[in-house]
Amino acid sequence: SDVGSQKERVVTEEEWLQKWEMGNIGFHKEEGHPLLRKYLDVLLNGRSGLRIFFPLCGKAVEMKWLADMGHSVVGVEVSEQAVKEFFSEHSLPYCEEPVPEISGAKMFQSTSGNISLYCCSIYDLSSSIVGKFDGVWDRGALVAVNPCDRQRYASLMISLVEKNSSYLLVTVSYDPNKHKGPPFYVPESEIKSLFG
């Protein structure tokens with residue numbers, strides 16, 4: 001479970017914005033993630049009309065897929081380009097408004113009202129701003145968060161979920177000495193200590 005040289009690695013917000021600008025987004029999946037389809041029942045748990053959170057959402061196609069099923073989707077993404085591409089690629093009309101509680105932040109909402117994407121740092125969010133969620137689809141967020149910020153991230157995520165929520169988390173397993181990340185290697189033992 002040695003995390004190798006990754007422990008000290010920090011990827012800045014500017015680097016993430018640059019990835020989007022350069023189109024260096026190998027992490028984006030055009031077809032949606034097969035594991036969400038496979039474990040959808042676990043996420044929904046027989047419930048309908050859920051509020052589902054997408055941390056570090058990018059332009060994940062699953063957001064529209066779940067919204068089309070009648071769920072309310074909220075995402076957060078630092079790249080405004082990614083957020084705007086999401087709406088344009090799905091031909092979804094939207095409105096844009098400032099988020100009064102967060103300096104410089106914007107919220108992009110589909111005119112149908114069931115998809116709301118916050119453009120800001122995830123660490124600026126709180127349940128008083130976005131409310132609480134019945135489900136979380138964490139496909140590339142925990143593994144993208146800088147290792148030094150994992151505890152802060154997990155604490156925030158725990159504060160955003162309802163008591164009976166479902167949290168689907170995808171991680172990657174590899175030798176962290178051979179790849180500097182992201183995606184970062186998060187050992188199972190660490191997931192257990194972060195989320196209990």
Side-chain angles (χ1 to χ4, degrees), residues 10-17 19-20 27 36 43-45 47-88 90 92-146 148-170 182 194-196:
V10 172
V11 183
T12 64
E13 211 168 87
E14 286 67 35
E15 287 174 82
W16 283 112
L17 292 172
K19 284 176 189 288
W20 281 100
F27 47 82
L36 180 58
L43 181 65
L44 302 181
N45 198 12
R47 303 168 298 169
S48 57
L50 300 186
R51 291 193 82 231
I52 301 174
F53 186 52
F54 279 66
L56 314 188
C57 62
K59 56 178 182 174
V61 297
E62 298 93 332
M63 295 190 289
K64 180 166 189 309
W65 188 58
L66 285 165
D68 287 347
M69 283 181 207
H71 303 290
S72 174
V73 170
V74 176
V76 62
E77 169 58 49
V78 75
S79 167
E80 186 171 322
Q81 178 185 335
V83 171
K84 287 180 169 172
E85 283 178 11
F86 169 79
F87 287 107
S88 67
H90 294 283
L92 288 173
Y94 65 91
C95 56
E96 176 184 328
E97 54 191 62
V99 181
E101 304 92 332
I102 307 169
S103 172
K106 294 178 186 173
M107 196 261 282
F108 296 79
Q109 188 172 52
S110 61
T111 47
S112 55
N114 58 353
I115 302 175
S116 306
L117 305 184
Y118 288 80
C119 186
C120 60
S121 163
I122 190 167
Y123 302 114
D124 289 335
L125 292 184
S126 65
S127 59
S128 64
I129 299 170
V130 293
K132 292 204 174 215
F133 299 96
D134 307 300
V136 175
W137 171 237
D138 185 333
R139 196 280 288 182
L142 179 64
V143 296
V145 166
N146 291 321
C148 60
D149 291 328
R150 274 182 202 151
Q151 187 60 63
R152 179 184 181 198
Y153 172 82
S155 300
L156 171 65
M157 295 308 290
I158 291 165
S159 77
L160 293 178
V161 294
E162 298 284 8
K163 285 277 180 278
N164 62 342
S165 64
S166 304
Y167 195 116
L168 277 191
L169 172 67
V170 178
L194 287 170
F195 291 97

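Numbering of residues begins at 1 and proceeds along the displayed sequence. Since the model is a prediction, treat every value here as computed from it, not as a measurement.
Counting only heavy atoms from C-beta outward, the side chains of Val136 and Ser166 never approach each other to under 4.5 Å. In this structure, Met63 and Ile52 have side chains that are not in contact, with every pair of non-hydrogen atoms separated by 4.5 Å or more. Side-chain contact between Leu36 and Leu66 is present, with at least one heavy-atom pair separated by less than 4.5 Å. Counting heavy atoms from C-beta on, the side chains of Leu125 and Phe53 come closer than 4.5 Å.
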So Lys19 and Phe27, side chain to side chain contact (heavy atoms under 4.5 Å, CB included) or not? Walk me through it. CA-CA 10 Å; Lys19 284 176 189 288; Phe27 47 82; 4.2 Å; yes
Let's go through Asp138 and Tyr153 carefully: what are the C-alpha distance in whole Å and the side-chain angles of both, what is the deciding distance for side chain to side chain contact (heavy atoms under 4.5 Å, CB included) to 0.1 Å, and is it a yes or a no? CA-CA 12 Å; Asp138 185 333; Tyr153 172 82; 2.6 Å; yes
Between Ile129 and Val99, does a side chain to side chain contact (heavy atoms under 4.5 Å, CB included) hold up when you go through it step by step? CA-CA 9 Å; Ile129 299 170; Val99 181; 4.1 Å; yes
Phe86 vs Ile115, test: side chain to side chain contact (heavy atoms under 4.5 Å, CB included). Steps then yes/no. CA-CA 11 Å; Phe86 169 79; Ile115 302 175; 4.0 Å; yes
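No donor-acceptor pair under 3.5 Å is formed between the side chain of Asn146 and the backbone N or O of Asp149. Remark: side-chain polar atoms of Asp134 are not paired, donor with acceptor, to backbone N or O of Leu50 under 3.5 angstrom. A donor-acceptor pair under 3.5 Å is absent between the side-chain atoms of Ser72 and the main chain of Arg51, judged by distance alone. Judged purely by atom type and a 3.5 angstrom limit, Ser127 has no side-chain atom pairing as donor or acceptor with the backbone of Lys132.
Tyr167 OH to Phe133 CZ: the interatomic distance, rounded to the nearest 0.5 Å, is 11.5 Å. The CZ atom of Arg139 sits 12.0 Å away from the CG atom of Leu169 when rounded to the nearest 0.5 Å. Between atom CZ of residue Phe87 and atom SG of residue Cys95 there is a gap of 8.5 Å, rounded to the nearest 0.5 Å. Interatomic distance, Ser126 OG to Leu160 CG, rounded to the nearest 0.5 Å: 7.5 Å. Between the CE atom in Met107 and the SG atom in Cys119 there is a gap of 12.5 Å [rounded to 0.5 Å]. The line from OH of Tyr94 to OG1 of Thr111 is 11.0 Å long, rounded to the nearest 0.5 Å.
A pairwise comparison of heavy atoms in Arg47 and Ser165 identifies NH1-CA, 4.4 Å as the closest pair. The two residues Met157 and Ile122 make their nearest non-hydrogen contact at SD-CD1, 4.3 Å. Nearest heavy atoms, Leu43 versus Gly135: CD1-CA, 4.0 Å. Counting all heavy atoms, side chain and backbone alike, Glu62 lies closest to Trp137 at OE2-NE1, 3.8 Å. Shown here for Leu56 and Ala144, the closest heavy-atom pair between the two residues is CD1-CB, 4.2 Å. Heavy-atom minimum distance, Ser159 versus Leu156: OG-O, 2.6 Å.
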Could you tabulate the donor-acceptor pairs under 3.5 Å formed by side-chain atoms of residues 73-81, not counting sequence neighbours?
{"from": "Glu77", "atom 1": "OE1", "to": "Gly58", "atom 2": "N", "distance (Å)": "2.7"}
{"from": "Glu77", "atom 1": "OE2", "to": "Ser79", "atom 2": "N", "distance (Å)": "3.0"}
{"from": "Ser79", "atom 1": "OG", "to": "Gln81", "atom 2": "N", "distance (Å)": "3.4"}
{"from": "Ser79", "atom 1": "OG", "to": "Ala82", "atom 2": "N", "distance (Å)": "3.1"}
{"from": "Glu80", "atom 1": "OE1", "to": "Lys106", "atom 2": "NZ", "distance (Å)": "3.1"}
{"from": "Glu80", "atom 1": "OE2", "to": "Lys84", "atom 2": "NZ", "distance (Å)": "2.8"}
{"from": "Glu80", "atom 1": "OE2", "to": "Lys106", "atom 2": "NZ", "distance (Å)": "3.3"}
{"from": "Gln81", "atom 1": "NE2", "to": "Trp20", "atom 2": "O", "distance (Å)": "3.0"}
{"from": "Gln81", "atom 1": "NE2", "to": "Glu85", "atom 2": "OE2", "distance (Å)": "2.9"}

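Note that Arg152 lies in the cation-pi zone of Tyr123, set by a 6.0 Å cut-off to the ring centre and a 45° limit from the axis.
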